[in-house]
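As C-alpha cells, the structure follows; a few thoughts come after it.
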Amino acid sequence: VESRQARNRRAVLAAVRFGRPVTRLDIATATGLSAATVSGLVTDLITDGVLVELAERVPAAGSAGGRPATALAVNPTLGTLIGIHLAHAGVRILLAGVDGTVRADHTYETDVDHQPTDTLEYVAATALDLVADLDIPHRELLGVGVAVSAPVLLHTQTMISPPMLSDWGEVDISARLTKRMGLPVHVGNDANLGALAEWRLGAATGADNLIYVMLSEGVGAGLILHGRLYEGDAGAAGELGHVTVAQDGQICRCGNRGCLETVVGERALASTLAHSHGLTCRFADLIALAGQGDPGVRRLIGDAGRAVGTALASVCTVLNPKLIVVGGTLAQTGEPLLAGIRDTLTRSVSPVTNRTPEIRPGALGTRAEALGAVIIAGDAAGLRRPAAGS
Ligand SMILES: [Zn+2]
C-alpha cells in the first residue's frame with residue numbers, strides 16, 4: 001500500500017504536471033494539503049530535478065490582489081514516457097513528455113486478442129524505433145504505461161484475464177515488456193486510463209465526480225469519484241460494455257447474452273449495416289457515412305446512443321455523477337450519439353438526483369487511453385529520483 005508521503009507527492013505532481021505553471025499556494029488549494037507539507041514536498045521535488053522554479057512570477061489563483069509568487073513547472077527535460085494502448089483489434093503507441101505533450105503517435109491494426117506474443121514484440125520494437133527516430137537517448141526514457149482491455153488494479157498491478165481474452169491468460173505483459181525494453185512497465189485498464197486522461201488533461205479537468213465512457217470495439221467506463229479513480233474490489237468497476245441491454249440479443253465474447261458491447265461495439269454496428277449498405281461495410285465506412293449525414297447511419301448511431309443511455313441510467317441514479325465524458329472511436333460521430341445518450345438519461349435517470357449529468361465529448365479523442373498509460377507511467381516515475389547519467 002502506498003505511503004502517505006508517496007500519495008502526497010503524487011498529488012502535488014498531479015497538480016503541477018498538467019496545465020499552466022502554478023504556485024505553492026495553488027498546489028495547497030488543489031490538493032488540500034497544508035502549506036508546510038506542500039513546501040517540503042516541493043523542495044524535495046526540486047532537489048530531485050522533477051520540478052523547476054520559473055523566472056516568471058504569477059498571481060496566486062483565487063487570491064485577487066495577492067502578492068505574485070514563484071511559478072513552478074515540471075522540468076521539461078526530465079524525460080520521455082511511452083504510452084501503449086492494446087485495444088481488441090489494434091494498437092496505439094505514444095511518446096510523450098511528463099506533462100502529456102505528445103511527441104510521436106503511431107497506430108497499427110492487428111488481431112491483439114489472439115496474438116499476444118506478436119503484439120507485444122510489435123509494440124516494443126516499434127516504440128524503440130520511434131525513440132530512435134527522435135534521437136532520444138535510452139537514459140531519458142522514464143517508463144512505459146500499457147492500457148489493456150481487461151480489469152487491472154493499478155496499485156497492485158494485478159490483472160484479471162477475462163474470458164474474452166483467453167489467449168492472454170498466461171502472459172505477463174509487464175515482465176515481457178520490461179525484459180524487451182529495459183524499462184519499468186505499468187499496466188492499467190483502458191477505460192480507467194481514458195478516464196484518468198480526460199480528468200487530468202482533457203474534457204473533465206476540475207470535475208470530482210464523473211464517468212468516462214469508452215465506445216470502441218471494446219466498450220467500457222472509468223469512474224472518477226471524490227477526485228479519485230474508483231477501480232472496484234478487483235479492478236473490474238466500470239465494465240459498462242457487459243451490462244445487459246438486450247435480453248434475447250447476441251452472445252457476447254464474455255459468455256453473457258445481449259451485453260451493451262454486442263449492440264454498440266464497432267463490429268456489431270458495422271454488421272447492422274449489411275442489409276442496407278452491403279456486407280463489406282466496415283466501421284471506418286460507418287464513420288465516413290455519418291460525416292456525410294447518411295440517414296440510415298444517423299438512425300443507427302442515435303439508437304446506439306440510446307442503448308448506451310439505457311446502460312448508464314441506473315449507474316447515474318446510483319452514483320449521481322456531475323459529468324459524463326464520451327470517448328472512443330464512436331465518439332467521432334458527435335451529436336447524434338450524444339443526443340441519443342442525453343434523451344435516454346433525461347427520461348430514465350431518477351428525478352431524485354435532481355438533474356441529469358452533463359454529457360460532453362472527450363477532448364483527447366481516441367488517444368485518451370494511451371495518454372492515460374503515459375500518465376500512470378509518469379506517476380510511477382515521478383515517485384523516485386530520475387536515473388540521471390545512468
Ligand atoms: Zn459481455
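We count ligands from 1, going down the list as the structure has it; atoms in each ligand are counted the same way.
Of all protein N/O/S atoms, those lying under 2.8 Å from the Zn ion (ligand 1) come to 4.
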Could you walk me through whether Thr205 and Leu201 pass the side chain to side chain contact (heavy atoms under 4.5 Å, CB included) check?
CA-CA 6 Å; Thr205 53; Leu201 294 166; 5.7 Å; no
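Scored by the side-chain contact (heavy atoms from CB on, under 4.5 Å) test, Asp208 finds no partners at all (sequence neighbours excluded). In this view, Arg298 satisfies the salt bridge (Lys or Arg N to Asp or Glu O under 4.0 Å) rule with no residue, not counting sequence neighbours. Tyr230 is linked by a ring-ring contact (aromatic ring centres under 6.0 Å, His included) to nothing, counting only residues two or more places apart in sequence or in another chain.
Interatomic distance, Cys254 SG to Glu239 CD, rounded to the nearest 0.5 Å: 9.0 Å.
At a threshold of 4.0 Å, the pair Arg180-Glu121 counts as salt-bridged, since one of the basic side-chain nitrogens sits closer than that to a carboxylate oxygen.
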